[in-house]
Amino acid sequence: MNARVLIDGPSELVFDYAVRAGMAVSPGCRVRVPLRRKSATGTVLSLTGGDPQAGFAVREIEHLIDPEPLVTPVLLRIGEWIARYYGTGIESVVRSLVPGSVRTEDHSAKTRRAAVLPAPPDAETLACLEKRAPRQYTIITLLAAAPDARLAVAELGRGAAAPLKALEKAGLVHLEDEEIRRDPDATNTEEILESTPLQLNESQQAAFDAIAGYIKEVSDHQARSEDQNSELKTQNPTKPTLLLGVTGSGKTEIYLQAARHALDLGKSVLVLVPEISLTPQTVRRFKARFAAMRDEVAVLHSHLSQGERFDEWHRIRKGKARIVIGARSAVFAPLPGLGLIIVDEEHETSYKQETVPRYHGRDVAVLRAAFEPCAIVLGSATPSLESFHNTQTGKYHLLRLDQRADGSTLPLVRVVDMRLEAAKRKGGPAVISDKLRTALEARLENGEQSILFLNRRGFARSLQCHSCGHVCHCPHCAVALTYHRTDERLVCHVCGYQSIVPRKCPECKDPGIQLQGYGTQKVEEILPKIFPTARIARIDADAMRRKNALRDILQQFRANKIDILIGTQMIAKGLHFPNVTLVGILNADLGLHVPDFRAGERTFQLLTQVAGRAGRGELAGEVIVQTFTPHSPSIQFARRHDFDSYAEQEMEFRRQFSFPPYAHCAVLTSRSAHERRAEFTLQTLHRRLSENTPDGVLVGEVLPSPLIRSHGQFRFQITLRAPAARPLTRHVQNVLAHTPLPEDVTVVFDMDALNFS
Ligand code: ADP
Ligand code: ZN
């Protein structure tokens, strides 16, 4: 028998090795193998029939590193599916399945030397020690008083080495290595009080009962199939559930109680959130609800050190952490006995990975639930049309919460037509309309809080010359540079390029170069002029570069030390502040005019989510939306909190033009520093893609990407659509495999693409 092994290291080498008789190798195991004149470590991808390829002497695996496969059979199956579906190598998928710190041998469990008292010495020995060896006596008494009669050697102080040795020799004390956990939460001094389950309202109860039923059903099914050891195990008797609940309807409370239900059945729980740093309140609520089992909660986030990641991964693998909360990649957490997966804010685009493998975390979660099998709940106030469509075709269950849980009403949304505002004033439209100003004043008078939302950071959009019209652009990307006031710089929001602010127009030397448009920094500067006494803070990627800046500002906001909070989409997600009664959306059009068929859907989602931050307490909320296109459907339906009507009209458009959810949509992009080469390569691919095209696959034209130049690379793209995913991916894979590409051109295939820029 041979094993196909993925060698650790940057080059993704895959070789076959022979398996010696008696070596219990299975897919997912880690092995040490010979590589050229050295040896290397790797992961077994699959086992193949014995025949070595003719003419090749297959070398033998040196040894098995760990007897248990590092990747469970279910996860390996998911890995194979991802590789096939997204048209990528299994190597890159395995790299995502298991964190590097676990895969390579550079990291290991951290241990320390501990002294243990196996049994208390008899009185005679003690008396003798007390008299003749007082230091040994002290150690014995310390150990006897310690929990589990065990202490770290380091804790016994410097002088303990010799007496310990003597005690060990006399057989009174054992010395051993014990594993210690690098606890990422150890330095967190924030006290979290245990929360108790709330009494569910009627619609919450109905939703909970349904979900609890599914959890129980899969759990029973698993137990039965384990008894019979049958194939049944791989079938999931339940369907995924979409929990569509308006903002503040108590979805999180349902997640918490459903999680408890699964834990009580002896199962483990996986919670996916869009981004850990942007959803601190959700994480905190899970920590609070399960405070009594704090050690069993693992929060996976990108700031873990390699050692912490190693420890958390193994803790999860051993079943010591039964609740795992994390972003996209946590979908691969090796939880044994998985009973429930929760995907919060399932519509969020951050679930899609924008590097290879380009998987969608939510979709992989649905697949995992099918394979494990376990129950899965996708939750959102503004679900993706893909998931909503699945409830209409009967693939998913739909559960709804149409009221806010605390009895508050959804906020009243007013739309302000900024074209009229502009006409009222000379010199262009104001940043803050009269209506919004009056509303802000009222909040300040009543001691209530406001949030101002603007989806653009920086101070002004760009620098434009008034005499020749020249706009300062990034030299590497096809975008205008954004002015940042704090450090007096022009910054590219795509590649990070920075330059100084010119005093004269670089083109015509006119000093009349001026700022156009505005961003969050500009708003932060304007507001104090209108409201001199207001306490104002800003949240965006620039303001949050300092560690813990986000946490600190949110804490101050919660403590009512900030009156007006200005922010980008960083504040759109899941924040809950009861004293916020006003949300102002400064420019609702910003996302609407981008060349992406989902632009309307994104705008609807963002407006609804941001509006949902208002009126989450005793006091009613109000939302003011400033826009230049007041009649666009996404703005009108968001205004009425009407997901169903929005979805209905948007679906009609998608159906007519064969866009998702009625078709899969993929993008093939070419990139090169040479514009012609990038375009020419894609034209060649286009020709081949248009030959022998499988039925139903539509191949679009070669077009410049909306962002034609990024990081100094020119980009062209082809959009492909098909009712079924497989034929599309296979066709593209086939063409790519048979078309040699020039060295200086990169081609990227993105299945179910969410980003068309
Ligand atoms: P969502 O996750 O749908 O936005 P949350 O779970 O955050 O909603 O709930 C919104 C608010 O309502 C929270 O303050 C929560 O504590 C409260 N809440 C949830 N369920 C109930 C309930 N059954 N009774 C009273 N308050 C509730
Ligand atoms: Zn740039």
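Order of listing sets the numbers, starting from 1, for every ligand and every atom in it. Along the sequence shown, residues carry numbers from 1.
Among protein heavy atoms, the minimum distance from atom 6 (O) of ligand 1 is reached at Arg285 NH2, 3.0 Å. Here the heavy atom of the protein found nearest to atom 10 (C) of ligand 1 is Gly248 O, 3.6 Å. At the top of the distance list for atom 24 (N) of ligand 1, counting protein heavy atoms only, stands Gln199 O, 3.8 Å. Nearest to atom 19 (C) of ligand 1 among the protein's heavy atoms is Ala405 CB, 3.5 Å. Scanning the protein heavy atoms around atom 2 (O) of ligand 1, the nearest turns out to be Thr252 OG1, 2.6 Å. Closest protein heavy atom to atom 14 (O) of ligand 1: His576 NE2, 3.1 Å.
Every N/O-N/O distance between Leu198 and ligand 1 stays at or above 3.5 Å.
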field: Pair Phe597-Phe756, ring pair (Phe, Tyr, Trp, His ring centres under 6.0 Å): steps then yes or no
entry: CA-CA 9 Å; Phe597 70 89; Phe756 293 86; 5.5 Å; yes
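A donor atom on one side chain and an acceptor atom on the other are found under 3.5 Å apart for Thr581 and Arg443.
Using a 4.0 Å cut-off between charged side-chain N and carboxylate O, Lys251 and Glu345 make no salt bridge.
Partner Arg362 forms a side-chain hydrogen bond (donor to acceptor under 3.5 Å, both in side chains) with one of Glu386, Glu348, Glu346 and no other, that one being Glu346.
Less than 6.0 angstrom separates the ring centroid of Phe332 from the ring centroid of Tyr359.
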